[in-house]
Asks: 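The following block contains the structure, expressed as structure tokens.
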Number of protein chains: 2
Amino acid sequence: MPNSTHSKRPTQRTIAAKVGISVGAVSRALANDPQMAEETRALVHKTAQELGYSPDRAAQRLRTGRTQVIYLILPPHEEILGFGTLLIGGISARLEGTPYHLVVLPDFGHDESAERIRRVVRDKLADGIIFSRTTPDDARIKFLLEADFPFVSHGRSELATPHPYVDFDNFTFARQAADMLIKRGARRIGILLPPERFTFRQHLLHGFMKAVRASGIDHEILEGVSLDSDADTISAQIHQRFGEKNAPDGLILPGDVSGLAALAAIQDRGLVAGQDVQVVVKQTSGVFDLVRPRVASLYEDLSAAGETLADLLLKRIEGTPATDLQYIQPISGFLRDA
Amino acid sequence: MPNSTHSKRPTQRTIAAKVGISVGAVSRALANDPQMAEETRALVHKTAQELGYSPDRAAQRLRTGRTQVIYLILPPHEEILGFGTLLIGGISARLEGTPYHLVVLPDFGHDESAERIRRVVRDKLADGIIFSRTTPDDARIKFLLEADFPFVSHGRSELATPHPYVDFDNFTFARQAADMLIKRGARRIGILLPPERFTFRQHLLHGFMKAVRASGIDHEILEGVSLDSDADTISAQIHQRFGEKNAPDGLILPGDVSGLAALAAIQDRGLVAGQDVQVVVKQTSGVFDLVRPRVASLYEDLSAAGETLADLLLKRIEGTPATDLQYIQPISGFLRDA
DNA sequence: CTCTGTATTTTTAACGTTATAAATACATAT
DNA sequence: ATATGTATTTATAACGTTAAAAATACAGAG
């Protein structure tokens, strides 16, 4: 007999009985329908408060079709330490005080996130979706646009139809990082990039090339590895590269884990970061404030990104057009190597 | 807008119409009620499949009171890198294939997690709750036991009534860590502990003291800081300690961030970890595989912890008694400093 | 004093599901 | 034939909410 907690929870019916009006009237009073008498509304609100009433989400959802749920699909890869937690923190901060709940679904496997999104839409599991790691021709974005389902992507696409997004300014990051390396006297700079398919690879590359071209500096893109390679692979590859001729003396690492992996490789080679090799990393977690030797780092504020993602999504759900919901997030700060 | 046939989601009514039986019969067939004829059941399942039917969660929830939601309350502090993401990954892995959804709520502010839990219970927002950072006399646990609401805590309490939990074996961690330091020739070992109020502080302390007493080694608990102090504070405090007389030459750091902070302080003092000061850290993220100089580390597998938390919670929801749902998670591996 | 308009409230009818009671069919025992 | 089961299905009601239609009251206009 697990049915111990007998219905002690107040409903609109409870309020209606107490105030002496109909349930429908209570519903509309709580919704602040201007058609209801000011007086009645106040009384209903007061007694609702007294009784500790809170609406039944299931009933609302069944009746209205609005789930009051936001879905967040997390990428399987964590090349950024605490990526998920930071984003979740930001989203939740924005959702605080709204009736929205955040459902989190990590995306194991490869590209099953498309399938997950399909199910969320088909079964109307949420009012809106947030996901990350977009591609220029992102199938998920196409699907969601087609289905006219509210979403905001963390990252851009190159589709003709505009869509809401929040994206870090990776172009400027890469350009500034390259400029920093050059200013410090690097002769040949290298950059580690994300896998080909992701849009932000292009942004990083363009920023990098912009600085490279302006200065005419020797450069390279690290081969055989990407931001998504596991730490050991990155370490090993960079270690090897520094054993070859014409190795770079300046490195751009757009992620916490890859930054650490590169530093480890450099050190294992007997080189000193900041001296023999200039390094600029993109960090989100703050680890590089604690890692020695200190290296220059630029911050991407994922918590703020999360807040903006949620903010734009709520606006999208309320009908704001996509063109007003596109945000490129600036670099939020940087730390000089001591 | 002529639709009605195309975009409408199939319901039990759709199935009933197609098969030619009543809605109630469909419901029971889908539930595999043995009272239903085998034949009918099969037919209903088949057509449900064909129509792409999936039950409406809101309706089920309204009718049955079961939300099919698990709530995870994340601590505000992230002394462990990626704590949230790892735990979420584990929980989600276990929940995969079940009808349960994971709602994540980071706990900003101080101890508002008690308030959040109260609301989850009062408004029946979930079928079960997971939370962490327990105290010996944890108010949340008392409340949930009192309310007879399913939960599993990540961490133990010292309450008389048994409750489900998953807890890392911090006792053994601290004992082994201390033994390692002693074996490496440390003369005075120190440990950084969590704030007083948390249960796992005692476990760490007891493990530490067990090893200390057995060996009679000189020892200390780092003062003026805790695991929850921010990285800068930890760094500064340890830096200062190493400038005083009788400084420890062996350190136990039970967290990623504190480990990094300590290493930074040691290095900033001109000392070498692994040489002048022996260090053992507890890591969950893998960062210490990448940090130089290498230090000894013991792993806490948070992803596995998440899976167990979810597993025990599902069992609890199904009525398994609390005494069968208590798990102390062993150390999952260690990395020797090179 | 009826007519009509306006303000407010009540009634009705769902949303999709499931638990319970009631009904049906058909066999077997009396 | 009537009663008594047994197996299966249907009918009914409800979970709590809200949108739409219908009803009520009461004002001022004619």
Side-chain angles (χ1 to χ4, degrees), chain A residues 1-45 47-48 51-69 99 122-125 127, chain B residues 3-4 7-45 47-48 51-69 99 122-125 127:
Chain A
M1 307 282 138
N3 249 353
S4 57
T5 31
H6 221 45
S7 200
K8 209 178 178 185
R9 212 166 108 78
T11 71
Q12 293 187 353
R13 205 214 232 80
T14 322
I15 300 173
K18 185 146 190 190
V19 176
I21 58 177
S22 75
V23 179
V26 171
S27 174
R28 296 173 58 184
L30 287 172
N32 271 314
D33 186 334
Q35 303 261 299
M36 287 304 277
E38 181 69 45
E39 196 187 8
T40 322
R41 270 191 278 166
L43 181 56
V44 167
H45 273 108
T47 41
L51 291 171
Y53 167 83
S54 70
D56 184 298
R57 309 190 98 234
Q60 284 184 320
R61 177 169 170 177
L62 176 60
R63 181 60 235 244
T64 64
R66 315 195 77 198
T67 62
Q68 303 194 140
V69 164
R122 177 168 70 80
D123 295 352
K124 194 43 164 91
L125 262 25
D127 295 337
Chain B
N3 56 344
S4 210
S7 65
K8 216 174 170 188
R9 216 161 95 77
T11 71
Q12 293 188 353
R13 203 214 233 83
T14 322
I15 300 173
K18 184 146 191 191
V19 176
I21 59 177
S22 73
V23 179
V26 171
S27 175
R28 296 172 58 181
L30 287 171
N32 272 314
D33 186 333
Q35 302 261 302
M36 288 304 278
E38 183 71 54
E39 198 186 6
T40 320
R41 270 190 278 166
L43 181 57
V44 166
H45 275 108
T47 43
L51 292 171
Y53 167 82
S54 69
D56 184 298
R57 310 189 98 234
Q60 284 184 320
R61 177 168 169 177
L62 176 60
R63 180 61 235 245
T64 65
R66 314 194 78 199
T67 63
Q68 303 194 138
V69 163
R122 176 167 71 80
D123 296 350
K124 195 39 166 98
L125 261 25
D127 294 337

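Just so we're on the same page: letters track the sequence lines, and every chain starts at 1.
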Asks: Between atom CG in B:Asn32 and atom C1' in C:dT18, what is the gap in whole Å?
Replies: 15 Å
Asks: Could you tell me the separation between the CG atom of A:Asp56 and the C1' atom of D:dA14, rounded to a whole number of Å?
Replies: 13 Å
Asks: Round to the nearest Å and state the distance from A:Leu30 atom CG to C:dT9 atom P.
Replies: 13 Å
Asks: With a 4.5 Å cut-off on side-chain heavy atoms, are B:Thr67 and B:Leu125 touching?
Replies: no
Asks: Rounded to the nearest angstrom, tell me the gap between atom CD1 in A:Ile15 and atom P in C:dT10.
Replies: 14 Å
Asks: When you measure from the side chain of B:Tyr53, which nucleotide among C:dT17, D:dT17, C:dG16 comes out closest?
Replies: C:dT17
Asks: Under the 3.5 angstrom rule, does the side chain of B:Arg122 hit a backbone N or O of A:Gly52 as a donor-acceptor pair?
Replies: yes
Asks: Nearest nucleotide by nearest heavy atom, which residue falls closer to the 5' end of DNA chain D, B:Ala25 or B:Arg63?
Replies: B:Ala25
Asks: Starting from P on C:dT24, measure out to CD1 on B:Ile21 and report it in whole angstrom.
Replies: 18 Å
Asks: Between B:Gln12 and B:Ser27, what is the shortest heavy-atom contact and its length?
Replies: OE1-CB, 3.4 Å
Asks: From CD of A:Gln12 over to C1' of C:dT9, roughly how many Å is that when rounded to an integer?
Replies: 15 Å
Asks: Should A:Thr40 be listed as having a side-chain N or O under 4.0 Å from OP1 or OP2 of C:dT9?
Replies: yes
Asks: Provide, to the nearest angstrom, the distance between the CG atom belonging to A:Leu125 and the P atom belonging to C:dG16.
Replies: 15 Å
Asks: Quick test of your reading of the model: are A:Asp123 and B:Arg9 salt-bridged, counting only N-O distances below 4.0 Å?
Replies: yes
Asks: Describe the nucleic acid contact of A:Gln60 in one word from base, sugar-phosphate, nothing, applying a heavy-atom distance below 4.0 Å.
Replies: sugar-phosphate
Asks: Hey, does the side chain of B:Arg57 reach the backbone of B:Pro99 with a donor-acceptor pair shorter than 3.5 angstrom?
Replies: yes
Asks: Measure from NZ on A:Lys124 to C1' on C:dG16 and round the result to the nearest Å.
Replies: 15 Å
Asks: Take the C1' atoms of the five end pairs on each side of the helix from C:dC1-D:dG30 to C:dT30-D:dA1, get both axes, and report the angle to 10 degrees.
Replies: 80°
Asks: Heavy-atom nearest nucleotide on DNA chain C for A:Val23 versus A:Gln35: which residue maps closer to 5'?
Replies: A:Gln35
Asks: How is B:Arg28 classified with respect to the nucleic acid when contacts are heavy atoms under 4.0 Å: base, sugar-phosphate, or nothing?
Replies: base
Asks: Could you give the distance from CD1 (B:Ile21) to CZ (B:Arg28), rounded to the nearest 0.5 Å?
Replies: 10.5 Å
Asks: Just call it for B:Thr64: base, sugar-phosphate, or nothing, with non-hydrogen atoms closer than 4.0 Å on any strand.
Replies: sugar-phosphate
Asks: Give B:Thr11 one of three labels, base, sugar-phosphate or nothing, depending on what nucleic acid heavy atoms sit under 4.0 Å from its own.
Replies: sugar-phosphate
Asks: Nearest 0.5 Å, what's the OG1-CG distance between A:Thr40 and A:Asp33?
Replies: 11.0 Å
